[in-house]
Each structure stands twice: as C-alpha cells, then as structure tokens.
Number of protein chains: 2
Amino acid sequence: MQQDSADHSFTGACAHRMRAIDDTLDILSGKWKLAIIARLCHQPMRYSALLRDVTGISGKVLSRELQDLETNGLIVRHVATSKPLTVTYSLSETGRSLTTLTDSLAEWGLAHRARMMQAGN
Amino acid sequence: MQQDSADHSFTGACAHRMRAIDDTLDILSGKWKLAIIARLCHQPMRYSALLRDVTGISGKVLSRELQDLETNGLIVRHVATSKPLTVTYSLSETGRSLTTLTDSLAEWGLAHRARMMQAGN
DNA sequence: CTGGATCCCCGATGATACTG
DNA sequence: CAGTATCATCGGGGATCCAG
C-alpha cells in the first residue's frame with residue numbers, strides 16, 4: 001500500500017475499517033432493518049406484532065426486510081403449523097451481537113434529543 | 001403505564017427507547033450518512049476527497065447528504081474563499097459523539113466477516 | 001474546485017386482492 | 001394469521017452541464 005497520489009486517502013488499516021463499516025451498512029441498509037432488530041432484542045415477536053410496533057412499515061416491506069435479515073443470518077424464523085398459522089421471529093446469535101449497536105443507537109437518540117432541548121429549539 | 005390490551009407491545013421506557021432508536025435512524029437515514037461521518041471521524045475532508053473515498057456516491061447525492069448533515073448539526077462546513085474555492089467538512093461536537101456508533105459499526109463488520117469465514121462460505 | 005440545475009430511469013413502496 | 005402477486009406511483013440517484 002504505497003501512499004500513491006494525493007493529500008489524504010485511506011490506506012491500510014484505515015481503509016480496512018472503512019470497508020468494514022461499508023459492509024455493515026450494506027447488510028443493514030434501509031431504514032427498517034435496525035428498527036426491526038431493536039424490537040427483537042427484547043423478545044421474539046410475531047409478524048403482526050412487528051407490523052404494529054415498527055411504526056410506518058407496510059406489510060410487503062416488512063416481509064422483504066425479514067427475508068433479507070434471515071438470509072443474512074441475523075434472525076431466525078420459527079413456523080408453528082397450528083391451525084391459524086403462527087410465525088415468530090427472533091434474533092440469531094449473530095443478530096444478538098448487534099445489541100451493542102442498537103444500544104448505541106438508543107443512547108445517542110436520547111442524548112441528541114437532550115442536546116436539541118437545551119439548544120433552544 | 002398499564003399493560004393495556006394485547007400480548008406484547010412496547011410500553012413506557014421501552015417504547016421510549018424505540019422512539020429514540022427511530023429518531024436516530026431517521027436522522028441517519030439513507031445509506032450514505034454514516035459512511036460520510038465515518039470518514040470525517042479521522043480528519044476533516046474536502047468535498048472532492050469525500051467524493052473519492054465514499055465508494056459509489058455521486059456528486060449530487062454527496063451534496064445533498066452533506067447539507068442534511070449540516071442542517072442536523074452533525075457536521076460543519078468551512079469555506080475558504082481562496083481563488084479556487086476550498087470547502088472542508090468536519091464533524092461538529094454532536095457529530096463527534098457518533099464515533100461510538102461508527103466504532104460499533106466497524107467492530108461488528110469485522111466480527112461478522114470473521115463469522116462468515118469460519119461458517120464455511 | 002464546489003456544487004446547484006436539469007433530465008431521466010429504475011427500483012422501492014403503497015394499496016389492494018388473493019392464497020395457504 | 002402470514003404472506004405473495006399485481007399495478008400504479010413516486011422519488012432516489014446517476015450523468016451531464018453550468019455557475020460562483
């Protein structure tokens with residue numbers, strides 16, 4: 001990794017870090033993935049429960065997002081073939097490892113709101 | 001906070017937490033915001049540098065994202081009225097407080113890649 | 001160099017209806 | 001209940017050109 005041309009570009013470990021961040025953002029792309037995961041942090045939830053609690057999401061999009069998350073191994077889909085058909089989603093081990101992230105998210109959201117308050121808005 | 005109707009919905013502190021997360025996700029919406037912030041964590045950068053380093057972003061979108069971030073007070077725009085006009089972006093205090101988040105992102109990306117490796121893919 | 005304005009297109013999203 | 005299929009719509013995002 002020579003310094004090649006210009007002022008500041010990311011090289012070596014730093015570029016690696018950026019790639020890692022991009023990877024993560026790619027997997028968690030869209031506005032819903034983390035919102036869904038945050039809900040599942042606390043307890044497994046059914047499709048309809050998610051539809052209720054993830055504010056603003058539509059059924060189709062929820063389906064897609066859940067499929068994406070399952071494909072990436074972040075959540076597990078449990079199907080109970082009872083009469084009215086019950087599907088429950090829960091975090092996989094991998095998904096659970098995102099708790100750090102959702103914690104950061106929640107923490108920052110709170111802090112940010114506090115900042116906005118005292119800023120006079 | 002009574003338990004109101006059904007099985008599991010989020011109430012009280014938990015709902016608050018969810019709202020905080022949603023707020024954060026809203027401010028950081030889009031695939032680029034966090035990628036940009038991650039770059040600026042290390043040093044202030046110029047428009048052209050960001051255009052080079054944020055892989056895949058186009059000029060127009062970069063402009064928009066930077067404006068959004070500035071509006072939300074996450075970054076600061078420095079204009080040097082030299083002859084060829086130089087604009088530098090850096091994190092504000094608020095923006096710097098997102099470092100925790102980008103750290104989590106990077107960390108998780110690395111860990112996730114490691115998991116994928118050992119999973120056999 | 002920065003970045004706004006314009007044109008254009010594809011893919012994401014919502015509503016509705018239908019299946020298992 | 002848990003989705004899927006279809007259709008119409010909308011806006012994000014790329015390319016290019018131009019202005020400060």
Side-chain angles (χ1 to χ4, degrees), chain A residues 5-9 22 25-37 39-40 43-72 74-92, chain B residues 5-9 22 25-37 39-40 43-72 74-92:
Chain A
S5 48
D7 36 329
H8 41 236
S9 264
D22 289 347
L25 291 177
D26 200 54
I27 291 173
L28 302 175
S29 64
K31 8 179 222 178
W32 303 116
K33 300 258 179 17
L34 280 170
I36 294 171
I37 289 173
R39 264 72 180 188
L40 295 178
Q43 81 267 176
M45 292 180 75
R46 295 173 49 182
Y47 177 83
S48 50
L50 285 168
L51 200 53
R52 256 187 292 114
D53 282 340
V54 180
T55 35
I57 201 170
S58 71
K60 185 171 69 173
V61 175
L62 179 56
S63 289
R64 263 181 47 76
E65 300 290 287
L66 288 170
Q67 281 174 31
D68 283 359
L69 290 172
E70 196 192 3
T71 298
N72 281 320
L74 300 182
I75 65 174
V76 182
R77 186 170 178 269
H78 308 272
V79 184
T81 37
S82 47
K83 326 169 301 187
L85 187 54
T86 294
V87 182
T88 307
Y89 296 92
S90 63
L91 291 183
S92 67
Chain B
S5 49
D7 37 329
H8 43 236
S9 263
D22 290 347
L25 291 176
D26 199 55
I27 290 173
L28 303 176
S29 63
K31 7 181 224 180
W32 304 116
K33 299 258 180 16
L34 279 170
I36 293 171
I37 289 172
R39 264 73 179 188
L40 294 178
Q43 80 268 178
M45 293 180 74
R46 295 175 49 186
Y47 177 82
S48 50
L50 283 168
L51 200 54
R52 256 188 292 113
D53 282 340
V54 179
T55 35
I57 201 170
S58 71
K60 183 175 70 172
V61 176
L62 178 56
S63 289
R64 265 180 48 75
E65 300 290 287
L66 288 171
Q67 280 174 31
D68 283 359
L69 290 172
E70 196 193 3
T71 298
N72 281 320
L74 300 181
I75 65 174
V76 181
R77 186 169 179 270
H78 309 271
V79 184
T81 39
S82 48
K83 326 169 302 187
L85 187 55
T86 294
V87 182
T88 308
Y89 296 92
S90 63
L91 290 184
S92 68

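Only this structure's heavy atoms are used, side chains among them; waters, hydrogens and symmetry mates stay out.
- Between A/L62 atom CG and C/dG14 atom P the separation is 11 Å, expressed in whole Å.
- If you take NZ of A/K31 and C1' of D/dG11, they are 11 Å apart, rounded to a whole angstrom.
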- [ ] Apply side chain to side chain contact (heavy atoms under 4.5 Å, CB included) to B/L91 and B/L74, showing your working.
- [x] CA-CA 6 Å; B/L91 290 184; B/L74 300 181; 5.8 Å; no
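- Contacts of B/S48 classified as side-chain hydrogen bond (donor to acceptor under 3.5 Å, both in side chains), with partners at least two apart in sequence or in another chain: none.
- Axis deviation across the helix from C/dC1-D/dG20 to C/dG20-D/dC1 amounts to 50°, comparing end segments of five pairs, rounded to 10 degrees.
- In this view, B/R77 and B/E70, B/V79, B/V87, B/Y89 satisfy the side chain to side chain contact (heavy atoms under 4.5 Å, CB included) rule, not counting sequence neighbours.
- Here B/T55 pairs with A/D22 under the side-chain hydrogen bond (donor to acceptor under 3.5 Å, both in side chains) rule; sequence neighbours left out.
- Residues forming a side-chain hydrogen bond (donor to acceptor under 3.5 Å, both in side chains) with A/T81 (at least two apart in sequence, or on another chain): none.
- One can place CD of A/E65 at 13 Å from P of D/dT4, the figure rounded to the nearest angstrom.
- Partners of A/T86 according to the side chain to side chain contact (heavy atoms under 4.5 Å, CB included) rule, which considers only residues two or more places apart in sequence or in another chain, are A/R46, A/A80, A/S82, A/T88.
- Rounded to a whole Å, the CE atom of A/M45 is 13 Å from the P atom of D/dG3.
- The salt bridge (Lys or Arg N to Asp or Glu O under 4.0 Å) test applied to A/K31 returns no partner, not counting sequence neighbours.
- At whole-Å resolution of the value, CG in A/L50 and P in D/dC1 are 14 Å apart.
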Write down the protein N/O and nucleotide N/O pairs, taken from nucleotides 2-5 of chain C, whose separation is under 3.5 Å; answer none if there are no such pairs.
from: C/dT2; atom 1: OP1; to: B/R46; atom 2: NE; distance (Å): 2.9
from: C/dT2; atom 1: OP1; to: B/R46; atom 2: NH2; distance (Å): 3.0
from: C/dT2; atom 1: OP2; to: B/S48; atom 2: N; distance (Å): 3.3
from: C/dT2; atom 1: OP2; to: B/S48; atom 2: OG; distance (Å): 2.9
from: C/dG3; atom 1: OP1; to: B/R77; atom 2: NE; distance (Å): 2.9
from: C/dG3; atom 1: OP1; to: B/R77; atom 2: NH2; distance (Å): 2.3
from: C/dG3; atom 1: OP1; to: B/Y89; atom 2: OH; distance (Å): 3.1
from: C/dG3; atom 1: OP2; to: B/Y89; atom 2: OH; distance (Å): 2.6
from: C/dG4; atom 1: OP1; to: B/Q67; atom 2: NE2; distance (Å): 3.2
from: C/dG4; atom 1: OP2; to: B/Q67; atom 2: NE2; distance (Å): 2.2

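- Checked against side chain to side chain contact (heavy atoms under 4.5 Å, CB included), A/V54 has the following partners two or more places apart in sequence or in another chain: A/W32, A/A35, A/I36, A/R39, A/L50, A/I57.
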